[in-house]
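No hydrogens, no waters, no symmetry mates; every other heavy atom, side chains included, goes into these values. On a predicted model such as this, the values are computed, not experimentally measured, just so you know.
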Amino acid sequence: MKSLFDLAHQNKKIESRIVVALERVSEAFRVLLWNESKENALSPIQIQILIFLLFHSSEKCKISYLAAEFNMTKPTISDSIKILLQRGLIKKFDDPTDTRSYTISLTHAGKKIAEGSANFAFPIEKPLSSFSGEQKEMLLSGLLKLIHDLNRGGIITIQRMCFTCANYRFEKGTHYCELLKSRLANNELRLDCPEHKTAI
């Protein structure tokens, strides 16, 4: 199989150019995240953990869930958690039902950094405002399908998107949410839903 980074091959195949384009967007994300982490003297994953804790419910704020969320090992996440604890940016609460587990939450200082860092990817979002509604809808639809397929292929793990939710139905070309009891337009499909219930 020829590499999609081989220009002779890449320029003949649109799928290869799309993947390379996504890699460039990913590079922009990495640069912005790295700049944010340097500003706070933290690692990129530590910034991501703080932002995750800011916006997600307590049952998701555990080492095992964070490891799956970020596709990392528990020891790697644990190392970051130790540093965040030492810096006074997070605190932990023992789980009364499991003595080996604990929940993590932000301290006041941690919340301040998380809130300040949460918009680090805005420069990527900003250019999208010049897209037409149809262009944005097509882009979102394609990315959702790609993420869902990567999830089913085991490349990425936890996804709290409509397509993986027990409440989601797709019938006769229509998206439907059993929880909301309503149809969903393409531009209403969620990538990270707080009410997500994993389909069995």
Side-chain angles (χ1 to χ4, degrees), residues 22-128 140 143-144 146-148 150-165 189-199:
L22 289 170
E23 194 268 341
R24 299 279 169 86
V25 174
S26 172
E27 185 178 324
F29 188 92
R30 285 195 305 269
V31 167
L32 292 167
L33 181 58
W34 182 250
N35 289 340
E36 192 64 39
S37 65
K38 281 193 297 185
E39 193 172 310
N40 291 286
L42 294 168
S43 71
I45 186 59
Q46 288 161 5
I47 290 289
Q48 287 180 294
I49 289 170
L50 293 178
I51 295 171
F52 184 89
L53 296 177
L54 180 64
F55 294 112
H56 292 85
S57 59
S58 60
E59 65 266 14
K60 296 180 178 72
C61 299
K62 297 184 177 184
I63 296 278
S64 56
Y65 197 97
L66 291 168
E69 173 73 19
F70 294 110
N71 295 286
M72 293 184 167
T73 64
K74 286 183 185 179
T76 300
I77 293 294
S78 293
D79 288 344
S80 288
I81 293 299
K82 284 177 190 174
I83 292 168
L84 293 172
L85 282 166
Q86 289 167 1
R87 291 274 306 269
L89 301 177
I90 61 171
K91 52 192 172 184
K92 61 181 185 177
F93 300 94
D94 291 332
D95 185 342
T97 61
D98 183 356
T99 55
R100 298 166 300 169
S101 180
Y102 55 85
T103 301
I104 305 152
S105 67
L106 296 169
T107 62
H108 178 72
K111 186 177 181 185
K112 190 174 178 182
I113 290 177
E115 288 174 340
S117 301
N119 289 328
F120 80 89
F122 181 70
I124 299 173
E125 182 187 32
K126 190 175 180 182
L128 294 171
L140 177 61
L143 288 172
L144 286 172
L146 176 61
I147 291 166
H148 186 221
L150 290 171
N151 175 240
R152 286 194 302 183
I155 306 297
I156 50 178
T157 51
I158 292 177
Q159 294 304 317
R160 293 174 297 277
M161 64 195 313
C162 290
F163 296 164
T164 62
C165 184
L189 292 172
R190 296 179 179 184
L191 190 58
D192 191 348
C193 179
E195 286 85 29
H196 184 272
K197 183 179 178 184
T198 304

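From Thr103, atom OG1 reaches atom NZ of Lys91 across 12.5 Å, with rounding to the nearest 0.5 Å. How far CE of Met161 is from NE2 of His148: 6.5 Å, rounded to the nearest 0.5 Å. Here the NE2-CZ distance, from His196 to Phe163, works out to 11.5 Å after rounding to the nearest 0.5 Å. The OG atom of Ser43 lies 7.0 Å from the CD1 atom of Ile49; values are rounded to the nearest 0.5 Å. In this structure, OG1 in Thr76 is found 12.5 Å from CG in Leu66, a value given to the nearest 0.5 Å. The OH atom of Tyr65 sits 7.5 Å away from the OG atom of Ser57 when rounded to the nearest 0.5 Å.
At most 12 non-hydrogen atoms from other residues, nucleotides or ligands lie less than 6.0 angstrom from NZ of Lys111.
Taking every heavy atom of both residues into account, Gln159 and Thr164 meet most closely at O-OG1, 2.9 Å. Closest approach of Phe52 to Phe70, counting heavy atoms only: CB-CZ, 4.0 Å. Contact between Ala67 and Ile77 at its shortest, heavy atoms only, is CA-CG1, 3.7 Å. Between Cys165 and Ala199, the shortest heavy-atom distance links the atoms C-CB, 3.9 Å.
Judged purely by atom type and a 3.5 angstrom limit, Ser117 has no side-chain atom pairing as donor or acceptor with the backbone of Ile47. A donor-acceptor contact shorter than 3.5 Å links the side chain of Asn151 to the backbone of Thr157. Side chain of Thr107 to main chain of Leu89: a donor-acceptor pair is present (N/O by atom type, distance under 3.5 Å, no hydrogens or angles).
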Going by atom type alone, with no hydrogens or angles, which donor-acceptor pairs under 3.5 Å involve a side-chain atom of residues 80-88 and a protein atom two or more places apart or on another chain?
unit_1: Arg87; atom_1: NH1; unit_2: Ala41; atom_2: O; d: 3.0
unit_1: Arg87; atom_1: NH2; unit_2: Asn40; atom_2: O; d: 3.3

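In this view, Asp192 and Arg160 satisfy the salt bridge (Lys or Arg N to Asp or Glu O under 4.0 Å) rule, not counting sequence neighbours.
Side-chain atoms of Phe122 and Leu32, non-hydrogen and from C-beta on, never get closer than 4.5 Å to each other. When side chains are defined from C-beta on, Ile51 does not count as touching Gln48, because their heavy atoms never get closer than 4.5 Å. Within the 4.5 Å cutoff, side-chain heavy atoms of Leu42 are placed close to those of Leu50.
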Report the C-alpha distance between Leu191 and Leu140 in whole Å, list the side-chain angles of each, state the deciding distance to 0.1 Å, and finish with yes or no for side-chain contact (heavy atoms from CB on, under 4.5 Å).
CA-CA 10 Å; Leu191 190 58; Leu140 177 61; 5.9 Å; no
